[in-house]
Every structure is written in C-alpha cells, then in structure tokens.
Student: 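Here it is, the structure in full.
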Amino acid sequence: MEMDIDDTCKAKGEEEKAKPIVVILMGAPGSGKSTFCEHVVRSSARPWVRVCQDTINNGKAGTKVQCLTNAVSALKEGKSVFIDRCNLEKEQRVDFVKLGSPQVEVHAVVLDLPTKLCISRSVKRTGHEGNLQGGKAAAVVNRMLQKKELPKLSEGFSRILFCQNESDIHAALDMYSGFGPLDTLPHGCFGQKKPDTKVQLGIMKFLKKVEAPSNAGSSASSIQGSAASQIIEEKNSCCGGKETASSLTRTAREEVKSCQDPGVSSISHNGSSSDGPILAFPSISTADFQFDHDKASDIIVEKVEESMDKLGNTKLVLVDLTCRSKILSLVRAKAAQKNINPKKFFTFVGDITKLYSERGLRCTVIANAANWRLKPGGGGVNAAIFNASGPDLEVATKEQAKSLVPGSAVVVPLPSTSPLSSKEGVTHVIHVLGPNMNPQRPNCLDGDYVKGRQILQKAYTSLFEGFLSIVSTQAKLSQESNETIKLEPSKSQGHSKDGPRNHSPTGDQKNKRDGVHEHEISKKCKGSQNEVGTSINSFRTGKVNAENNKLDVSTSKAWGSWAQALYHIAMHPERHKDNLLEILDDVVVLDDLYPKAQKHLLVLTRCDGLDCLEDVRKEHLQLLKTMHAVGLKCAEEFLDEDASLVFRLGYHSVPAMRQLHLHVISQDFNSKHLKNKKHWNSFTTAFFRDSVDVIKEISNQGKATLKDYDNLLSMELRCHRCRSAHPNIPRLKSHTSNCRAPFPTSLLQNDRLVLAPNNTNNP
DNA sequence: GTTCTAGAAC
DNA sequence: GTTCTAGAAC
C-alpha cells in the first residue's frame, strides 16, 4: 500500500508543472526578513528570487515600482519571489498582493517579534544594506511599528504564517526551505498566538480545491486536509506540514510523507460529507496502560464498524503522533479488510491538540485517554490535552465528574475561552478511561484480557455514543432555534436518547435524565429566542446538569491500587493476623498504620461491597451498631488506662481507602503523622461524621448525609476545642498541645465524645 | 493513604 | 535561606 502512495505521488508529480509563489515578508527592521530569505534561497530546491527594495537599484535603495517589475519578470521565468521589505501597512503591500493569480499563490510570512528585540538588533547591526543602523534605527523602528497592520486573508493572501518568536521562525524556515517546486501548502492563517485579526478558516476552501486523484486505485493524494498530504505529492520533497515551532524532526516529517495512510479519505468533493463534525480520538489503553495492540485494534475496528450506521455526516478519526504507530497501521489494515468506508473513518498522524493549526484537520470533538481522577498530568495524550486547554478544561471537567470508572466516558463542553477552543475549534473533550494492563497504574487487570476486552469495548461504545449525542444535541439545538425563527413545527429526527454528558454504558437512568435535560435546554433556547450560537454556548458551559453527573460518577468511584489495603485485610484477615487487634465475625480491629493521634484505631467491616459511607443503607444498620459497639469498647479500654484521653468515633464522608471503616481516635491529635490541612480537617470538621449521627440517619432516612467534602477539607485551620484559627500546621499543633478549652457544645451532646466518667468535660 | 518536591510564604 | 503547602505520582 505504501508503495502505491509513492507511485501515485510520482505520477502526479510528473504530470504537474511547478507553480511559482509570491511570499510577502512583513516585519520591522531587525526582525530578520533578509536573513530569512537568504536562508531559504540558499537551501531550497525551488528557484527563488529575493526582491529587496534596499538593494534593488544596483545595490542601493530603489523604488516600489522597481520591486514590482523585478517580481513580475521573476514569476514569468517560473521563479518564486520573496518580497523583502517591511510591508507593515496594508497600503504598502496591496500592489504586491496583486502579483497573485490563479496560477500564483501569495503567502504572507509575518515576523512579528517584540519591538524591543527589533530595535536592539537594528541599533547594534553594522553593514546594513539600507544603512538603517545605530542610534537613528531605534526611532525609525518604533515609528514604523506604531503603524503596523497585521495582514488578513481578505487582502488576497492564500495563507498567512505568523512568527512571534525565534522558534516559530525556525519552524517557518524549515518549512519554506523544504518547500519543493511541486509542493503546495494549506490555505489559512497559522501561528497567530494573540489574534489581532480573526483567524479565517480557509481550510474548507482549500479542501474543496484538492482534485480527486486521477488514479482511482489510490487516494493517497487526497489525504484530508493535511499539509503533509499535499507535500507527499513530490517524492523527493522533504518538506513537512508543520506550521509553527515543531516537535517533529525532519525524519519524522519524512515519515509522514512516506507512510501517510492510504486508507484516509479525502473530504468528499460532491460536498455530501464535507461539513460534518469530526471526532478525533487516540487509541485507548495502548500507551501507558499497555493493552495489547493487536487486540486493541480489533476492538477499535469492531466498534467503529458498529457505529457506522449512526454516523450520518460525521466522521471518526483515529489519531497518533507518529506514522510509525503500530496501532494506526493495524487499524488501517483491519479497517480496509472489513471495507469500512474510509470517508467515515480514517487514521491520521498528528498531535491531537493541534490537528487544525498544524494539520488543517478540523475536529470539533476530541477524546482524551484520561486517568481515573480526571486530572491533568501523567504523560501522553492526557497531559497534552490538559496543557493545550489551559485551566478551562480542568474546571469544566470538575463540573461534570470527579472520577471515571474504566470503560466509561464523560463529555466535557469546552469553554470558548480555552485555547483549544479558540485556536483549534474544539467544542468538546470526551474523557475516556480504558482498561489498564500496567501493574504500575491503578486498577491493573493483571493480564486478564477477558475483562480487558470488555472494558475497552465499553470505553469505545461510551466514546462514540458521547460523540453522537453531542452531534444530535447540537443538531437539535440548531433545529429548534430554526423552528423558533420560522415559527413552524417540525417532526423529531429521532436522535439519540442519550444526553450529552456522561456515557457510562451501564447508565440507562443517566441517559434518561440527560435526555430530560436536553429537552430543557431546547426549551430554554426556544423561550429566550436565542440564536443558535448562543444556545450552543450556554449548553457548552455545561452547568445545566452538572449535578446529575456528579451523582452519577461518585456512585461508581474508582479506587487506586494504594486504596485497596483495607479491603484486602477485610477479605482475608487471617493473612494479616499479626497486624490485627481483633478478628470478629463482622468486623476486624486494627491500629491505623499512620495514627493521627496518640490512639487511633480502625474498626473495619468484613462485608464485601461496602466501600464507604455512601454505600451504607438500612440493611447495614445492625452492622453499623456492631462497629460502634466494638469501637466504643476499645475506647473505653483506653480510657481505663488513661482517663485524660477523649475519643471520637466516626467515618470520613469520603474515605481515601476502600472498605467502610470506623475511626476511633483520641482528641489530642498528637502525632507526627498528622501533617497537613487535609489530615486535620478530615477529623475536625463536618467531614468527620460521628458514628452516633450516622446510625440515626441510616435508621431515619435510610442513608447518610454526605457533606461538601472538598470545601471542608480545604477550610482554614481551627482548633477543635476553642475554634481559634491558625496559619499553618506547626502553629496549630503547638496551640492544640496546650489548649484546654472545653470542647464545643455540639460535640458534648448525644455521646459524640467518649470520655472517662470523671473527666471534667463530661456533661 | 504516603512520599516527593516545586514553589509560595515568610 | 528556611519553612510550609499543595499537587502529582504512586
């Protein structure tokens, strides 16, 4: 197949004539225009002429007309032209833009470096062609830059590349140096970090201009929207598709050229499928989670095939960073075997966070191979996506869910303030958690591929359903909005019942709930007569049903491997006999491994499936009473030894360790293991639920109230006795070691505190 | 849950 | 410069 590409490229290349281009450089004196041209002219395979107004008159400064004349004659000879003058104002460049024609594209390369840098370079340089150097340069540069007007595509450029730092310039140099005579580059604005001008999306225009391959046997020359796809048209070219500072080495770019996916579809030229939303997704679990690539590729293809009928005008794209990617080639081969429509599903090489800006592929939805905590960090795709999104994604994610169980996905609408939204056009990120085969990571399946396969299948199902629900919700919003305008009813299109948010494959109820919300959103949008854009935007803030999803997810909390220790003890107490104080029928008692006070025990239930307070129901009432009784007995034994101690028995609202456990803890908090705010607040705020209260609640309401644990744990540090505030843990501890104030009255009621009979605190 | 550590606070 | 916190990694 790969041979096909090269053959096709060659054939196409031989047929085509080289097209000269005009590159209008823009930049203040000292921005490096001349250096840029000289470098490219020296190292490019394409014939170039540099038209420099400073030297055009036999080495002396000439006129604009001379520049234009020289440029025209160079173009006639088939040479490409650099216009090397400042061109900072629109007026100054308009005549040069007119050099363009259907045969001659006009590019802009903007060397938009900091003013200070340009000034200092101009002042320091010697031997400048135009003699703009030394003291006078500073004033000139400053004045020129005040009039700067950044170029827009509407002036007539087919592409504009902004360079705002040295690394941008290097990338641009690389690109134009390797830009062979037969190559073309995608149209549009690239590399602008502080958009003064609106980025114009020239990509669709570009895509539609690409001719369908004359060789019906291969679609290699029509790879969708990829700069690389165009560049492979010439076999010997080594130009990459990178637009800005690149992490891709030249070797990598050559690989893009040589192994780009033949199964990749082009945007349809009849227009039928060219405008649908695209989901870009990484291969789930095959990187850090070490899932077998062959098995994973089977699942991807199987799940994609299942989704085919539902895709409508949307597309799925499997993305990986390198074309050496084993998973991409496996999936390509298997998708081809199964005759999966390459217009609906294809593989793509690129950075999933820069698909539009660097590869010209606009994907409104991207999937993230998330961790169970839904936190940034780690490596790979997760780190890249969170980095590229700025803090917005983290905040938006928190609104949707706190964690994920393997096999599920959560849809997060991306705020438009996120760079990933503004630069790449991404409207949603779908976090997906796949199965883990890496013993170094949580929830390792220890090679159990029966489970692993099921989980990965669920993960892709959740992902694709999530994507389709976004699409159908947006379609619905748009449709309803139109209805409002037209004031005419229309029939339901029968879209997915699934809501747009959380897509646990087992969550039928969730889906129903989300469906309701979807309806509500639509109603809102009718009522307020919003425009489509506004409606989608309010939907994108994701606040509408965030609450539902928090509930959904917290019920299925995933536990890290480190959080399983108590569970293992409870399931096999006999294996841990040496560390246990007592083994009873329903509970075991043990010392907390890191006691946060002089005396700190745990009473642990042996009941499987009872992980935390949230799981406790009425049927566990007797168990709770047993746990309390056992804890109380232990506390009383301690009090016999030391009557000055005071105990409290209770549960953490949300424990860090799995398996319901009752803390029996003395109230001195005199321990080297009590180190941080979280430790302190987990025992001294409402986060700590007194056993007596829990028993009452279960008995009366059937479940325990869970306090707003995140806020409670980050509250200021206050003495648990006198409630005075302290700036840090050491100061707090030195206070509490001496504080003898009576305990707050709330604690003295209802037997929340366990004291020796003769303790003066005893009411 | 702890450990480690970058960087904030002092 | 030292102390302390908070977040990531495990």
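The structure presented is a predicted model; accordingly, all values stated were derived computationally and were not measured. Proteins come first, then strands; the chains are lettered A, B, ... in the order of their sequence lines, and each starts at number 1.
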Student: I need the CG-C1' distance between A:Leu674 and B:dG1, as an integer number of Å.
Tutor: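 Taking CG of A:Leu674 and C1' of B:dG1, I get 13 Å after rounding.
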
Student: Please say whether the positively charged group of A:Lys303, taken as NZ for Lys or CZ for Arg, lies over the ring of A:Phe464, i.e. under 6.0 angstrom from the six-membered ring centre and within 45 degrees of the axis.
Tutor: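 Checked: cation-pi criterion not met.
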
Student: Could you give the NZ-to-C1' distance, from A:Lys678 to B:dG1, as a whole number of Å?
Tutor: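 Result: 8 Å.
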
Student: Which pairs with one or both residues in residues 602-635 of chain A pass ring pair (Phe, Tyr, Trp, His ring centres under 6.0 Å), sequence neighbours excluded?
Tutor: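 For residues 602-635 of chain A, and leaving out neighbouring residues, there are no ring pair (Phe, Tyr, Trp, His ring centres under 6.0 Å) pairs at all.
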
Student: Expressed in angstrom and rounded to an integer, what is the separation of A:Leu566 atom CG from B:dT2 atom P?
Tutor: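 About 12 Å, once rounded to whole Å.
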
Student: Counting only heavy atoms not in A:Arg731, do more than 12 sit closer than 6.0 Å to its CZ atom?
Tutor: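 It does not: A:Arg731 CZ has 12 such atoms or fewer within range.
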
Student: Quick one: A:Asp592 CG to B:dG1 C1', roughly how many Å, whole number?
Tutor: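 About 9 Å, once rounded to whole Å.
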
Student: Which whole-number value in Å describes the distance from A:Leu602 CG to B:dG1 P?
Tutor: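 The answer, rounded to whole Å, is 9 Å.
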
Student: Touch check for A:His679, heavy atoms < 4.0 angstrom, all strands: base, sugar-phosphate only, or nothing?
Tutor: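 The answer is sugar-phosphate, as A:His679 gets under 4.0 Å only of primed atoms, P, OP1 or OP2.
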
Student: A:Glu394 side chain to A:Lys375 main-chain N or O, any donor-acceptor pair under 3.5 Å?
Tutor: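 A pair under 3.5 Å: no.
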
Student: Please name the residue in the list A:His720, A:His652, A:Arg648 that meets the side-chain contact (heavy atoms from CB on, under 4.5 Å) test with A:Phe683.
Tutor: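 Passing option: A:His652.
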
Student: Which parts of nucleotides 5-10 of chain C does protein reach within less than 4.0 Å, heavy atoms only, written one letter per nucleotide 5' to 3' as B for base, S for sugar-phosphate only and - for none?
Tutor: SS--SB

Student: By the definition side-chain contact (heavy atoms from CB on, under 4.5 Å), identify the one residue from A:Leu604, A:Ile583, A:Asn579 that meets it with A:Leu590.
Tutor: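 Testing each of A:Leu604, A:Ile583, A:Asn579 against A:Leu590, the sole residue satisfying side-chain contact (heavy atoms from CB on, under 4.5 Å) is A:Leu604.
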
